[in-house]
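Data block below; observations after.
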Amino acid sequence: MPKIESQLSDLPVPVTLQLPDGRKVSRPGSRITLAFSDWSALAKLGARQLGAIGEAYVEGKVQIQGAMRDLVDVTVGLLPRDPAEITHGWWSRLQRQARSRGSHSLGKDAEQIEFHYDVSDDFYALWLDPRRVYSCAYFRDAGMTLAQAQEAKLDHICRKLMLQPGDRFLDIGSGWGALLLWAAEHYGVDATGITLSKNQQAYVTRLIEEKGLSGRVRVELRDYRLLEEDKPFDKIASVGMFEHVGSANMSTYFRKIHALLKPGGLALNHGITSGQLDYAQLGSGLGDFIEKYIFPGGELLHVTRILRETSAAGLEMVDTENLRPHYARTLWHWSDALEARFDEAREVLVRTGGAEKAERVLRAYRLYLAGSAMSFEQGWIALHQMLSTKPDGKVKERPLRGAQSVYPFVRDYIYK
């Protein structure tokens with residue numbers, strides 16, 4: 001106990017600790033209460049195994065009272081070091097690669113996507129924006145609402161890709177269809193989306209029909225590896241996708257994009273990247289928590305690794321943008337919305353999975369959203385948009401000699 005009391009005294013936010021035997025340890029003005037019903041969970045706090053504390057909360061062995069923003073400040077104060085845990089050595093890298101290969105077969109990837117995205121469409125609708133954009137927003141102006149920032153992100157991507165009427169456009173991992181539909185309605189493209197989520201495919205198919213876009217927009221339940229390559233696309237986007245691909249399959253993924261893209265075309269990858277050059281996962285048990293409860297099979301790689309694989313596949317990177325603090329703000333919007341509609345979320349989850357599962361899912365997402373916002377704010381993870389071309393070899397045929405693609409090699413067109 002003296003060790004834990006010392007830890008609590010150093011925290012930036014006053015905390016009350018309720019022990020399994022009913023005793024309390026507290027500081028004046030406490031804004032967070034951690035109530036333990038299990039001594040083993042309390043021992044994890046002493047060892048600063050915060051992922052294990054998160055697991056104990058999900059499983060009902062710890063109760064948390066207080067605002068999630070205060071809890072995040074407590075978490076940062078309890079961490080013994082930067083949790084972007086670096087793992088050196090050839091044996092560690094070999095083990096990670098073997099785990100990655102085993103986690104990303106066609107069947108495994110489908111199961112993992114279903115685990116996360118098919119929880120309940122109604123649950124996600126409670127805290128996402130009206131278009132259900134489940135990725136980093138773009139707060140072009142400080143006063144933007146989440147809905148406005150998500151539309152700004154969709155348009156930012158479309159502008160970067162220089163979408164034109166009639167372009168054949170592919171969205172890999174199309175989610176609830178926001179980018180697919182935005183590109184079709186605002187830029188006149190012929191759009192194809194793919195997803196591994198049955199719920200998402202059904203939802204987007206209904207929207208396509210309701211909007212009268214059935215002739216030029218479609219969404220398929222398909223793995224990217226199984227896409228035919230005989231009719232390449234003018235433009236390709238992949239948003240929030242390569243985090244699910246796995247390190248072992250990254251070269252396969254980018255080679256597939258290269259094969260699916262027309263010579264001279266553009267591809268944009270938008271995804272979460274690690275904040276360290278080489279690490280297995282977030283330390284202090286945080287990575288284990290995310291793997292178990294949120295994103296099984298998810299792997300984060302440094303942006304340099306992504307760009308290396310891009311180049312090795314024959315694609316040329318022409319623009320890379322870091323939107324890290326934008327994702328922190330996005331996640332706080334989601335976290336605040338979930339907190340505000342907590343009881344409604346519980347009711348929705350009870351209807352779809354029963355009371356016990358509902359409570360576990362709700363608690364896991366509560367920690368996941370706030371914890372992820374913290375991780376982006378601290379710089380432990382980042383968000384990059386990477387625009388690439390497939391050079392067509394035609395050195396003399398573009399306005400700027402040597403461009404070898406539709407990309408103009410100036411950024412003005414994105415912001416006009």
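These numbers come from the heavy atoms of this one structure, side chains and all, not from hydrogens, waters or symmetry mates. Here the structure is a predicted model, which means the values were calculated and not measured.
Between the side chains of T273 and H384, a donor-acceptor pair is found at a separation under 3.5 Å. Side chains of E321 and H156: a donor-acceptor N/O pair is present below 3.5 angstrom, by distance only. At a cut-off of 3.5 Å, with distance as the only test, a side-chain donor of T195 or Q200 sits close to an acceptor on the other residue. Residues K390 and S405 have side chains that never bring a donor and an acceptor to within less than 3.5 angstrom of each other.
If you take OG1 on T320 and CG on L387, they are separated by 8.5 Å, rounding to the nearest 0.5 Å. Rounded to the nearest 0.5 angstrom, S238 OG and Q385 CD are separated by 11.5 Å. Distance check: W127 CH2 to L331 CG gives 8.5 Å after rounding to the nearest 0.5 Å. For the atom pair NZ (K44) and CG (D38), the distance works out to 10.5 Å, reported to the nearest 0.5 Å. Separating the OG1 atom in T389 from the CG atom in L266 is a distance of 7.0 Å, to the nearest 0.5 Å. Of the inter-residue distances, the one linking L349 atom CG with S120 atom OG reads 6.0 Å to the nearest 0.5 angstrom.
No side-chain heavy atom of L19 sits less than 4.5 Å from a side-chain heavy atom of F36. For the pair Q150/Y138, no side-chain contact is recorded, criterion being any heavy-atom separation below 4.5 Å from C-beta on. Using a 4.5 Å heavy-atom cutoff, the side chains of D223 and L196 are in contact. Between T205 and E209, some side-chain heavy-atom pair lies under the 4.5 Å cut-off. Counting heavy atoms from C-beta on, the side chains of R366 and M68 come closer than 4.5 Å. Using a 4.5 Å cut-off on side-chain heavy atoms (C-beta onward), I236 and L260 make contact. Contact check for L170 versus I172: side-chain heavy atoms found under the 4.5 Å cut-off. Side-chain contact check for L261 versus P232: every heavy-atom pair is 4.5 Å or farther apart.
Nearest heavy atom pair, residue L383 against residue I272, reads CD2-N, 3.6 Å. Between S30 and V15, the closest heavy-atom pair is OG-C, 3.4 Å. Closest approach of L400 to P408, counting heavy atoms only: CD2-O, 3.9 Å. Counting all heavy atoms, side chain and backbone alike, Q201 lies closest to V219 at NE2-O, 3.6 Å. Here the shortest heavy-atom pairing between R132 and D121 reads NH1-CB, 3.4 Å. Among all heavy-atom pairs drawn from G271 and E243, the shortest one is CA-OE2, 3.5 Å.
A centroid separation of 6.0 Å or more is found between the aromatic rings of F169 and Y187.
Qualifying ring-ring contact (aromatic ring centres under 6.0 Å, His included) partners for Y57, counting only residues two or more places apart in sequence or in other chains: none. With sequence neighbours excluded, the residues that form a ring-ring contact (aromatic ring centres under 6.0 Å, His included) with Y253 are Y224.
Not a single donor-acceptor pair under 3.5 Å links the side chain of E377 to the backbone N or O of R329. Judged purely by atom type and a 3.5 angstrom limit, Q148 uses its side chain to pair as donor or acceptor with the backbone of T145. Using a distance-only test at 3.5 Å, with no hydrogens or angles considered, a donor-acceptor pair links the side chain of Q404 to the main chain of G393. The backbone N or O of I414 sits nowhere less than 3.5 Å from a side-chain atom of K160 that would complete a donor-acceptor pair. Between the side chain of D141 and the main chain of M144, no donor-acceptor pair closer than 3.5 Å is present. In terms of modelled atom types and a separation under 3.5 Å, the side chain of N199 and the main chain of Y203 share no donor-acceptor contact. Between the side chain of N249 and the main chain of G246, no donor-acceptor pair closer than 3.5 Å is present. In this structure a side-chain-to-backbone donor-acceptor pair under 3.5 Å is present from T330 to A137. With hydrogens and angles disregarded, no donor-acceptor distance shorter than 3.5 Å links the side chain of K235 to the backbone of R168. Side-chain atoms of R305 come within 3.5 Å of backbone atoms of S247 as a donor-acceptor pair (strictly under, hydrogens ignored).
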Let me see the working for L300 and I381 under side-chain contact (heavy atoms from CB on, under 4.5 Å), right down to the final yes or no.
-> CA-CA 8 Å; L300 301 185; I381 51 180; 3.5 Å; yes
Derivation of the salt bridge (Lys or Arg N to Asp or Glu O under 4.0 Å) call for E228 and R222 = CA-CA 11 Å; E228 294 86 0; R222 188 179 301 210; 2.7 Å; yes
Go through E220 and T192 one step at a time and tell me if the side-chain contact (heavy atoms from CB on, under 4.5 Å) criterion holds.
-> CA-CA 8 Å; E220 303 175 3; T192 299; 4.2 Å; yes
May I have the step-by-step check of side-chain contact (heavy atoms from CB on, under 4.5 Å) for Q378 and V76, ending in yes or no?
-> CA-CA 9 Å; Q378 295 291 326; V76 173; 3.9 Å; yes
Go through R206 and E210 one step at a time and tell me if the salt bridge (Lys or Arg N to Asp or Glu O under 4.0 Å) criterion holds.
-> CA-CA 6 Å; R206 287 196 302 271; E210 290 171 6; 5.3 Å; no
From CA spacing to verdict: side-chain contact (heavy atoms from CB on, under 4.5 Å), I64, T33 | CA-CA 6 Å; I64 298 174; T33 297; over 6 Å; no
Take W334 and Y365 through the test ring-ring contact (aromatic ring centres under 6.0 Å, His included) and record every step on the way to the result.
-> CA-CA 10 Å; W334 293 343; Y365 271 78; over 10 Å; no
Please test K394 against D392 for salt bridge (Lys or Arg N to Asp or Glu O under 4.0 Å), starting from the C-alpha separation and ending with a verdict.
-> CA-CA 6 Å; K394 299 176 181 178; D392 60 11; 5.1 Å; no
Could you go step by step and tell me if K153 and D129 meet the salt bridge (Lys or Arg N to Asp or Glu O under 4.0 Å) rule?
-> CA-CA 13 Å; K153 187 271 297 293; D129 68 293; over 6 Å; no
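Between Y134 and W176, the ring-plane angle classifies as tilted under the 30° and 60° cut-offs.
Crowding of R308 atom CZ: a count of heavy atoms from other residues, nucleotides or ligands under 6.0 Å not exceeding 12. Heavy atoms of other residues, nucleotides or ligands lying less than 6.0 angstrom from CD of E229 number more than 12.
Seen from the ring of F376, R324 does not count as a face-on cation partner, given the 6.0 Å and 45° thresholds.
A salt bridge is absent between E356 and R360; no separation between the charged side-chain nitrogens and carboxylate oxygens falls under 4.0 Å.
For the salt bridge (Lys or Arg N to Asp or Glu O under 4.0 Å) condition, the pairs that include at least one residue of residues 61-73, sequence neighbours left out, are R31-D70, R69-D336.
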